[in-house]
Amino acid sequence: MTAPVFATLGCRLNAYETEAMKELAAAAGVQGAVVVNTCAVTAEAVRKAKQEIRRLARENPGAPVIVTGCAAQTEPETFAQMPEVTRVVGNHEKMQAETWNALRIPDLIGTTEKVQVNDIMSVKETAGHLIDGFGRVRAYVQVQNGCDHRCTFCIIPYGRGNSRSVPAGVVIEQIKRLVDKGFQEVVLTGVDLTSWGADLPGEPRLGDLVMRILRLVPDLPRLRISSIDSIEADENLMQAIATEPRLMPHLHLSLQAGDDMILKRMKRRHLRDDAIRFCEDARKLRPDLVYGADIIAGFPTETEAMFENSLRLVQDCGLTFLHVFPFSPRKGTPAARMPQLQGPVIRDRAARLRAAGEDALACHLAAQQGALHRVLTETPRMGRTEQFTEVTFAEDQPEGVILTARITGQAAPRLTAVPA
């Protein structure tokens, strides 16, 4: 028998959980299976999941196919009806050792129900399985899962459940182990990261966690936080941005739109001016701060004038890295029942947003010419600056170290550099 084949679709958290599943499967002795960790963020994501399942089933004839992840959680019967699929496993179940013990061959064949998906809303704890390392030089640490908010376009709370947090002590002990193993950078990740702590005693905030990590793990060179909801940024998080050089000057913001009416129809908790004010305030505290952002193009009822407000947000917030999502209706969400825009309009607006993002990135790259940056090398020829900009080298460099490099040029979306 051979080791299981794993495929991951969707977010960085899914990728983290795939690594955890690999460890659980290995410990349980699962062999010869195909495991597909799905995404449910859009209808297109579900379509791609089905496509990937069929492809892997063709490439691995006779192998049991186990489907898990957010799409499996939100619509298990969709996948159970596929002839290629042997078992459908929920998001909570996939992180449990007993699940993988039951997925051994021959135990897997015909001994349990095809669908093993329970009510995710009843889950109160975070996954107990933590992995000590994901990637070679940058480690991702899951500190939170689930979401208590109900944006009208989003199915993810029904795939991940309500928000729950990993206690700070557990997070810090894991980061200490990662530093001892030689990791130079740790990224805090979660579904709704700025909600961390609301379910813990004393209701600490994300900024409290960041400050504790930096204080109690003094040997950690670089700490990075992934996507945040700027309206939930707390005082200690802002203080950390202002005073902690080991907190990296790169924030990815969940903005979604730049028009107040669309934001209200999305059931977001911020308005356009809130986003602009946050970006201005944080950049005053940390002038080298760069922003990424998620923006949806073509949300239902969006007029051209509303879209222009989102387009201008790229400049008004000073965004550098743009993730553009053409809207696609997700069955089971309120936005799917709203008046939809035509496909060509959505695609055109997404293309215009992407073009604005490319222009913004080009300006950022051009401004780095001749600058010195501290670069964490991920491969002998590639690394990333503190602002998360990718840098390439013409000659091999030591891997997994932080070196000072001088920027010599650009080849979008990357910078070129030489060691200083």
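We're numbering straight along the sequence, starting at 1.
Side-chain contact, Thr392 with Glu390: no donor N or O sits under 3.5 Å from an acceptor N or O. Side-chain contact check for Thr18 and Asn37: at least one donor-acceptor pair (N or O, by modelled atom type) lies under 3.5 Å. Counting only N and O atoms by type, the side chains of His149 and Asp229 include no donor and acceptor under 3.5 Å apart.
Side-chain atoms of Cys70 and Asn91, non-hydrogen and from C-beta on, do get closer than 4.5 Å to each other. A 4.5 Å side-chain heavy-atom check between Lys50 and Thr78 finds at least one atom pair inside the cut-off. Residues Val88 and Ile66 form no side-chain contact, since every pair of their non-hydrogen atoms from C-beta on lies 4.5 Å or further apart. Proximity of Val391 to Thr416: side-chain heavy atoms (C-beta onward) are nowhere separated by under 4.5 Å. Taking the side chain as every heavy atom from C-beta outward, Arg222 and Val186 never approach each other to under 4.5 Å. For the pair Lys331/Ile155, no side-chain contact is recorded, criterion being any heavy-atom separation below 4.5 Å from C-beta on.
Evaluated for a side chain to side chain donor-acceptor pair (under 3.5 Å) with Thr389, the options Arg384, Gln368, His364 yield exactly one hit, His364.
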Inset, instruction - Show your working on salt bridge (Lys or Arg N to Asp or Glu O under 4.0 Å) between Lys114 and Glu77 and close with a plain yes or no. - result: CA-CA 10 Å; Lys114 186 171 186 177; Glu77 293 305 323; over 6 Å; no
Inset, instruction - Check the pair Asp180 / Lys176 against salt bridge (Lys or Arg N to Asp or Glu O under 4.0 Å), numbers first and verdict last. - result: CA-CA 6 Å; Asp180 288 343; Lys176 286 179 178 178; over 6 Å; no
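The line from CD1 of Ile231 to CG of Asp274 is 4.0 Å long, rounded to the nearest 0.5 Å. Note that CZ of Arg164 and CG of Asp192 are 12.0 Å apart. Values are rounded to the nearest 0.5 Å.
Within a 6.0 Å radius of CD in Glu44, more than 12 heavy atoms belonging to other residues, nucleotides or ligands are found. Annotation for Met261: atom CE does not count as buried by contact number, only 12 or fewer foreign heavy atoms lying within 6.0 Å.
Remark: side-chain polar atoms of Thr42 are paired, donor with acceptor, to backbone N or O of Ala45 under 3.5 angstrom. A donor-acceptor contact shorter than 3.5 Å links the side chain of Thr152 to the backbone of Arg265. Although no hydrogens or angles enter the test, the distance criterion places no donor-acceptor pair under 3.5 Å between the side chain of Glu395 and the main chain of Gln397.
In this pair, Phe299 and Phe327 present their aromatic rings perpendicular. The plane angle is above 60°, beyond the 30 to 60° band.
Here Phe321 and His250 bring their ring centres to under 6.0 angstrom of each other. No close placement of the Tyr140 and Tyr16 rings is indicated, their centers lying 6.0 Å or farther apart.
Note that Arg177 lies outside the cation-pi zone of Phe183, set by a 6.0 Å cut-off to the ring centre and a 45° limit from the axis.
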